[in-house]
Amino acid sequence: MQISPLYNSPINWANKTPFFLHSPSYLLINKPNRKLFQSRRRSQYFNTSKSNISRSGVFFEGMPCDSIAKTSGGYGGGDENGSLRNFKLNESTFLASLMPKKEIGADRFIEAHPQYDGRGTIIAIFDSGVDPAASGLEVTSDGKPKVLDVIDCTGSGDIDTSKVVKADANGCIQGALGASLVVNSSWKNPSGEWHVGYKFLFELLTGTLTSRLKKERKKKWDEKNQEEIAKAVKHLDEFNQKHSNPEDADLKRVREDLQNRIDLLRKQADVYDDKGPIIDAVVWHDGELWRAALDTQSLEDDSDCGKLANFVPLTNYRIERKYGVFSKLDACTFVLNVYSDGNILSIVTDSSPHGTHVAGIATAFHPKESLLNGVAPGAQLISCKIGDTRLGSMETGTGLTRALIAAVEHKCDLINMSYGEPTLLPDYGRFVDLVNEVVNKHHLIFVSSAGNSGPALSTVGAPGGTSSSIIGVGAYVSPAMAAGAHCVVEPPAEGLEYTWSSRGPTSDGDLGVSISAPGGAVAPVPTWTLQKRMLMNGTSMASPSACGGIALLISAMKAEGIPVSPYSVRKALENTSVPVGESPADKLSTGQGLMQVDRAHEYIRQSRNIPCVWYEIKVNQSGKTTPTSRGIYLRDASACKQPTEWTVQVQPKFHEGASNLEELVCFEECIELHSTEKTVVRAPEYLLLTNNGRSFNIVVDPTKLSDGLHYYEVYGVDCRAPWRGPIFRIPVTITKPMEVKNQPPVVSFPGMSFLPGHIERRYIEVPLGATWVEATMRTSGFDTTRRFFVDTVQICPLQRPLKWESVVTFSSPTAKSFAFPVVGGQTMELAVAQFWSSGIGSHETTIVDFEIVFHGIAINKEEIILDGSEAPVRIAAEALLSSEKLAPAAILNKIRVPYRPVDAKLSTLTESRDKLPSGKQTLALTLTYKFKLEDGAAVKPQVPLLNNRIYDTKFESQFYIISDTNKRVYAMGDAYPNAAKLPKGEYNLRLYLRHDNVQYLEKMKQLVLFIERNLDGKEVIQLNFFSEPDGPVMGNGAFKSSVLVPGKKEAIYLGPPVKDKLPKNAPQGSILLGSISYGKLSFAGEEGGRSPQKNPASYRITYVVPPNKVDEDKGKSSSTNSKTVSERLEEEVRDAKIRVFSSLKQDTDEERSEWKKLSASLKSEYPNYTPLLAKILEGLLSQSNVEDKIRHHEEVIDAANEVIDSIDQDEVAKFFLHKSDPEDEEAEKMKKKMETTRDQLAEALYQKGLALMEIESLKGETAETEGTKDLFEDNFKELQKWVDTKSSKYGTLLVLRERRRGRLGAALKALNEMIQDNGDPPKKKLYELKLSLLDEIGWDHLTTHEKEWMHVRFPPSLPLF
């Protein structure tokens, strides 16, 4: 087989002829410009999670081992790693570099086999969503539809359309929010039932698109607002010209009102907050299919555009493959899918350009420019959106599970997933279990990105780099990609792994990275970006490149009648890849190397009659049953001091459903075992392997190895078919650390030389007792700016790798200092890398001197728990390395309040999208929690059992929604909750949990949830330290600092917080959280010493809030009651009657009649008793569905007058002229009684005023027009005597008064102030009043804006999960 001459051996940077600066030869200009795509938080998708401009590189370290590939047969050899000598672009090579295919042999393969370009294969894209209208994603190379289905697996676009309405005689229906919608008369709807719902447009769009639309909408809104301001100023100017110096009070008020209008318009411009237009959705069944239409009038400037009747109805995308665009302004493509018999409509949009870009790399087809095609232009795809728009495109467990269900349902051949995160346990979790089933039972090939957390080792992410059933892909950059896509001034002379590409091994010794593929491309993006394609780079891009290459292989296998198995395909890929780098240790960076499609195809052809088997490897140290690993990883110093023996179990795994007689019984292989370095790793020579598996022992002897990284493999070769290469591998990674012997413990690495892409790794045994490091990096010997990655990694049991990282830029030779935490006794890797493209074109080598100083204060307890008592906690401290200053600092700055659910509902999800491939139906548990905030705060829900894990958890998914009593949603979240700012008020939190096992969900019905908030600055508690156990109580023996000498312990006491310093609203059982530190950085200022969070070595501290102080006055007997027993009994009977009367319902005419009879009876029995009369007034106000409204309001006025007449107003007024003695119990009782009476009087006056206004409104005339006394004005002036009519409680009457007088500006100002001052949840009536005022003034732009906000503040229902 001929090998392309494209590849040469790796370059030795130290001998490289100096580069010379020159400009790029070619540049592809997008509209509006070239841009890089930045990833989002928590690396939810792997396109340079650290930064497109800052984290990328190669691993250049020679190890004393020969390449395995050279011994593994005809498909693993060669040194084709992407080298290009005297590389020069022309137009065609430039375009080809934008969508790299030559690197993996895809171009050669398609040229040789044009019909095997992916035809007949279906790829499921698990990502942020794919735009079916994007360039290159319309059709395949053979004219078939490219995108077969578009699904939102997260539910972020779901609309509740369970409300059913009927059309009236005019063909109009009422939308979910009350709008009148005209349906198209040509639409078939035999049932006549229309399902209606609504959605805010911005809830469907990405943050980037939303920002663009907000700017456009704000611009138009500002124009309208400026027009109204100009009109208002003109009116004021005309008034001033007419009345130059008005003395009349009414004229002054008119002028003030005109000025208020100007002020209101100007202020509105400052507080403008656009929640976006609202889309009305309608769903119906046309007799054959469920169809849906949208009304998007609110998106358009032209009122004739976007009408429901003009919408072309859509059905589920997979049926007709049609999509829509919301408007020309947004240019955003959407798809509609109907679920649950019309009760749920899913509007599918993408949550970022990432998914479309990924799909384009794998499958794009450009008929007019084949060089820009994706790797497999003939393949089809389904888009499974796992990135939840509500969470900024972060994946959810629900999205992941539904995506797997969809991939199986659509009979996909491949899955590509360019998402992931660090993991607690490799190859573990609910999602991994489901993936194993999909791969093993349904034969899907799962390809995923390895992660962008390099260059340190053991940084591969889940699931791509840590799961056995998934092909994890690293990111490679070729000289052509560097010159073309990245536009560097001079490309590297050979291909290399991007600096940021994650490295193996996993914590259990597996290789981590399976293969590598090009990790950058200029590929299609959604239409809403207003450009055809853009550059992105990351393992997110490497994965679809590999996936597209595999699609070519599947296309060939199907055409040639070769059974498709993920086992055989993966073996072909790994055994035919071209190594990148010179040593086997480079496999930790690149896996088996750069995949080669043409070679893999030949391998598959040759092995078509070989059984489809995967070899499961389980490794245990001899004599131990746990832990079980997938490789051998000797990382710590103790493991490198003596030989160790390991038991390896090799278990052949057939696909589910394999024939017992024809496949399992017949399976027998004679295996020759090889070790890449027999002096270090010894294994038996032969192994007879049957279906039941076989174990053997190997011995690893690292004692004679030098310090540093060493990588070896034990691999098995089929004696009867050695051309197959290794059929299984046992990775053996040894990081032998250097021992720190200096005192004080200082480690120096002087004179390290760097060129672009070079990585230096050092392994250090962190001394016992070390808790933090202070490091200095000095650079010299270079000219242009240099960018470095500095990473450290430590691995501890059952923890995610402890990683510290920094991206450092040096514009000139200088020194920079760092401080970071470490764990004593554990090996630390220090990886220093010059970014792969930093310094390209320069002729200077960068010299780096790196110095590490270990510091540490050992303590007897890492986490401190204060139990709520007055007793202090004793802490013993010791400096094990060198003298350290003991300067403890501790603060409590967070509070967590625990809650139990008030309601738990378990339900079965009956939709097909929630039915697992195994046939099990998913169940859902909805837990409801209630909490109250006395003051506004940023809160974060915490569920310790479930938080911070998506992949390494056995629970499927979680999602929460926080809403107020009006159903307004304030926050949503999942496993990674974010703080949300909530105003004062009462809230509901609904937590949604999913699983197919009912027993797991039953156990969660009383799940404890914490509401966490940061303490305000004045609430933060600084804790004190003492040298005596009684110090906290006695107030003496305060401890500030001392010097710890090695070998001598010192003890101090941490005092609990002073009880009166505890934050308010900290109920019993709450937890105060904070941090504690013991040392001080040598370069820290005073502030660093007082703040434990600024110290790299800080620990958690917890304080349990004790029971509240007993009220000393509670239970004390009151002064002697002067009333007789008979009088007290009569009062108790009277009050009991009133309580019963107050509880009566008035829902029916009969109930209202009984209520009236009882009220009359009580009034005759207790005449002029104010509390009774107030309750009668309250009862009248509670009546609803009153037919004769004028008569009802007259009854309210009469009842209010009775309350007013029953009160001796002079007596009340006189009482409040004098201050009462707070120490006089009788005086305090009288004060409370008088305050109650005053409030009853004010309420009666207030309700009377409202009733008078209602009668005026209903009659359409005012008291003045009738020539009678102005009852409303008299009543209002009377109310002013008792209360502040501007307050939120009574301000409505002031607003109505100003409106009544025609002063709409003053009315609106008063109403705005009243709304702003109201601390309770917003009252709908106040906002309805505001809308009517705006409408009356004629400010249409404000009316529209306020109507949109009405649906935010007062939605008709809660959103779906």
Side-chain angles (χ1 to χ4, degrees), residues 59 68 420-429 431-433 435-436 439-440 446-451 453-454 456-474 501-516 539 543 566-567 570-571 573-575 577 584-593 614-621 626-635 639 646-651 653 676 681 698 700 709-716 726-735 793 795 797-801 829 951-952:
F59 179 66
I68 298 173
E421 65 176 16
T423 182
L424 182 77
L425 287 169
D427 209 30
Y428 169 87
F431 181 66
V432 173
D433 293 341
V435 169
N436 291 340
V439 172
N440 299 331
F446 201 126
V447 187
S448 186
S449 46
S453 298
L457 299 187
S458 299
T459 51
V460 285
T466 62
S467 307
S468 295
S469 296
I470 298 176
I471 299 173
V473 187
S501 187
S502 289
R503 270 69 173 174
T506 62
S507 59
D508 69 340
D510 190 57
L511 188 60
V513 182
S514 177
I515 56 174
S516 288
T539 54
S543 183
Y567 303 157
R570 179 169 184 168
K571 191 59 59 186
L573 290 171
E574 293 180 342
N575 281 354
S577 293
D586 291 321
K587 288 189 175 185
L588 297 172
S589 297
T590 66
Q592 302 304 328
W614 182 250
Y615 299 85
E616 182 183 60
I617 303 296
K618 292 183 178 180
V619 182
N620 295 91
Q621 191 168 354
T626 58
T628 298
S629 60
R630 295 173 293 163
I632 298 172
Y633 194 3
L634 304 183
R635 186 173 174 93
W646 301 81
T647 300
V648 178
Q649 174 72 30
V650 182
Q651 179 65 58
K653 291 287 184 181
T676 56
V681 182
I698 62 177
V700 180
L709 170 63
H710 306 267
Y711 178 82
Y712 312 99
E713 285 184 356
V714 171
Y715 60 93
I727 60 174
F728 62 81
R729 294 177 171 92
I730 299 99
V732 180
T733 307
I734 303 171
T735 55
V793 171
I795 296 179
L798 294 180
Q799 282 187 320
R800 291 179 178 178
E829 176 188 5
Y951 299 102
D952 47 357

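The first residue in the sequence is number 1, and the count goes up from there.
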Polar side-chain atom of [X] near backbone of [Y] as donor-acceptor pair, under 3.5 Å:
| X | Y | result |
| --- | --- | --- |
| S458 | P505 | yes |
| T423 | L425 | yes |
| S516 | T590 | yes |

[X] side, atom [atom1]; [Y] side, atom [atom2] - distance, nearest 0.5 Å:
| X | Y | atom1 | atom2 | answer |
| --- | --- | --- | --- | --- |
| L457 | L588 | CG | CG | 5.5 Å |
| Q621 | T628 | CD | OG1 | 12.0 Å |
| T466 | E421 | OG1 | CD | 10.0 Å |
| I470 | F446 | CD1 | CZ | 4.5 Å |
| R729 | E713 | CZ | CD | 5.5 Å |
| H710 | L634 | NE2 | CG | 11.0 Å |

Are any of the side-chain heavy atoms of [X] and [Y] separated by less than 4.5 Å?
| X | Y | value |
| --- | --- | --- |
| T733 | K587 | no |
| V619 | I632 | yes |
| T539 | V473 | no |
| S469 | V432 | no |

Any idea which heavy atoms bring [X] and [Y] closest together, and the distance?
| X | Y | value |
| --- | --- | --- |
| S502 | A450 | CB-O, 3.6 Å |
| G465 | T506 | O-CG2, 3.3 Å |
| S507 | Y633 | O-CD2, 4.0 Å |
| L424 | L798 | CD1-O, 2.9 Å |
| R503 | G454 | NH1-CA, 4.5 Å |
| L511 | Q592 | CD2-NE2, 3.3 Å |

Output all residues satisfying side-chain hydrogen bond (donor to acceptor under 3.5 Å, both in side chains) with [X], sequence neighbours left out; order by chain, then residue number.
| X | result |
| --- | --- |
| D427 | S468 |
| S467 | none |
| T459 | none |

Go through the structure and list residues passing side chain to side chain contact (heavy atoms under 4.5 Å, CB included) with Y615, not counting sequence neighbours.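 Listed in chain order: V613, V650, F667, E669, L689, R724, I727, F728.
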
For a side-chain contact (heavy atoms from CB on, under 4.5 Å) check, start with the C-alpha distance between R635 and I795, then their side-chain angles and the critical distance, and finish with the verdict. CA-CA 9 Å; R635 186 173 174 93; I795 296 179; 3.9 Å; yes

Sequence neighbours excluded, which residues qualify as ring pair (Phe, Tyr, Trp, His ring centres under 6.0 Å) partners of F431? Y951

Show me the pairs that pass salt bridge (Lys or Arg N to Asp or Glu O under 4.0 Å) and involve residues 504-516, at least two apart or across chains. D508-R630, D510-R630

In sequence, state the C-alpha distance, the side-chain angles, and the governing distance for I734 and Y712, and then conclude on side-chain contact (heavy atoms from CB on, under 4.5 Å). CA-CA 8 Å; I734 303 171; Y712 312 99; 4.0 Å; yes

Regarding N620 and T647, is there a side-chain donor-to-acceptor distance under 3.5 Å anywhere? no

